[in-house]
Amino acid sequence: MLELSIRHRQGDFRLEADLKLGEGLTALFGASGSGKTTLISTVAGLIRPQEGRIIFNGEIWSDGSTFLPPHRRRIGYVFQEGRLFPHLTVLQNLRYGERLLPRAERREDLDRIASLLAITDLLARRPSHLSGGEKQRVALGRALMASPKLLLMDEPLSALDSALKAQILPYIERIRDGFGVPILYVSHQVEEVSRLANAVVTFDKGRASSVGRPDETLATVLQASGDLPAGNFIEAEITGHHEADGLTEARSSAGPLLLRRTHLSVGTRVRVFVPVSDIVVAIEPAEGLSALNRLSGHVRDIGEGEGGSVTLTVDCHGQPMVAQVTRRSLRQLALEPGKPVHLLFKTVSIASEGLFRQARGGSRSQSV
Ligand SMILES: Nc1ncnc2c1ncn2[C@@H]1O[C@H](COP(=O)(O)OP(=O)(O)OP(=O)(O)O)[C@@H](O)[C@H]1O
């Protein structure tokens, strides 16, 4: 657990952060100049915050009287452009991280890391003979070889084109899931954050604020900027594919779902997004409609909506779903708390696959 409560001024800029960060990958997400790099520099010990404290797993790294220097923090750092030593081979670059550690503290095994990152065949090469993606995999390996207690990744993919990014993302997922080392990951990229992060810290002009579930946090940011419609996130697991129909089936606590065809394998856990505006509310199990998804539940709450409409919160087997109806529908359907209802909507998107990509382009969700 990393606990941060810091205030730091540099020039006109002031960083303010009060955060508790847990296991897994925490993305630091925000506009350019909003303070992400400054924050990880304080964690790395490259900047000493003027006020406040940083505590990692109970050890004080920085406060009014203590300041642990960077090399005693056992942090692995991966930068945007890799920063491999050009005169050393891949093997020597990997060993470099390890050499900084006393033998007794070396936990990582070179073969395991090389095979995890698929760099075993590159060990004899120098960085000038590697592609951009290979360099970044070696940089990840070098950081891991130092048996870090915490990994800091500062936009590690931003120098790569989208095809290379897609190649490296699974390796970062393997590190996140296989090493038990918490990761702070700086990114501007909504898709990257949505795919990788277990939690997100958003930055707004130096104020590091929300720590929350990634899709909800990103959705709040994007909805505030008008780039994403209001909607519901549902946790689901892929259960099958229908090639001929171009559909994927998933199960969720709310009920079965049909998604647009995805290449994720059966068993993969996903979050899907259902825009509020796509949901139709019915009081009978309607037939003869093209909407493929039907969830049933009970009205839990009725509140004010936008433009004179009414917002319904429906409990679908524990999953809250928000829908909107007009006041006339509310009357005609005699909707009230406790009433059983059916929610109908068309195929839905997996949040990390399509939704945020569209949101970045400023278009509406593409549910069909
Ligand atoms: N040494 C410094 N002296 C004065 N101001 C600085 C210094 N270093 C950075 N800043 C300012 O602090 C602010 C935060 O910078 P920081 O690099 O943390 O932002 P960032 O969110 O990481 O941005 P980017 O995504 O562009 O890397 C910026 O306004 C920057 O100009």
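For ligands, and for the atoms within them, numbers begin at 1 and follow the listed sequence. In this chain, residues are counted from 1 in sequence order.
Under the 6.0 Å distance and 45° angle rule, Arg73 counts as a cation-pi partner of Phe67.
Scanning the protein for heavy atoms near atom 12 (O) of ligand 1, the closest one is Gln10 NE2, 3.1 Å. The nearest protein atom to atom 15 (O) of ligand 1, hydrogens excluded, is given as Thr38 OG1, 3.7 Å; this is a heavy-atom distance. The protein non-hydrogen atom at the shortest distance from atom 26 (O) of ligand 1 is Ser32 OG, 2.6 Å. The shortest contact between atom 27 (O) of ligand 1 and any protein heavy atom is with Thr37 OG1, 3.7 Å.
The environment of Arg53 atom CZ is sparse: at most 12 non-hydrogen atoms of other residues, nucleotides or ligands sit within 6.0 angstrom.
For the 3.5 Å distance criterion, the side chains of Ser329 and Thr326 qualify, holding a donor opposite an acceptor. Checking Ser296 against His342 by side-chain atom types alone, no donor-acceptor pair falls below 3.5 Å.
For ligand 1, none of its N or O atoms has an N or O atom of Gly11 under 3.5 Å away. Between Gly33 and ligand 1, at least one pair of N/O atoms sits closer than 3.5 Å.
Distances below 4.0 Å separate heavy atoms of Gly35 from the following atoms of ligand 1: 14 (C), 18 (O), 19 (O), 20 (P), 21 (O). Contact atoms of ligand 1 toward Glu155: 25 (O), 27 (O) (distance under 4.0 Å to a heavy atom of the residue). Set against the non-hydrogen atoms of His188, the atoms of ligand 1 under 4.0 Å away are 25 (O).
The aromatic rings of Phe85 and His87 stand perpendicular to each other, their planes meeting at an angle above 60°, with 30° marking the opposite boundary.
A salt bridge is absent between Lys205 and Glu16: the closest approach of a Lys/Arg side-chain nitrogen to an acidic carboxylate oxygen does not fall below 4.0 angstrom.
Atom 9 (C) of ligand 1 is flagged as protein-proximal [any protein heavy atom, distance under 4.0 Å]. For atom 31 (O) of ligand 1, the protein comes within 4.0 Å by no heavy atom at all.
Residues Ile40 and Leu46 form no side-chain contact, since every pair of their non-hydrogen atoms from C-beta on lies 4.5 Å or further apart.
Distances from ligand 1 to the non-hydrogen atoms of Gly30 include no value under 4.0 Å.
Applying the side-chain contact (heavy atoms from CB on, under 4.5 Å) criterion to Ala197, with sequence neighbours excluded, gives Leu25, Ala27, Val193, Val200, Pro214.
Residue-level proximity to ligand 1 for Ala31 is carried by the backbone, the only part with a heavy atom below 4.0 angstrom.
Considering every non-hydrogen atom in both Phe29 and Lys36, the closest pair reads C-CD, 4.0 Å.
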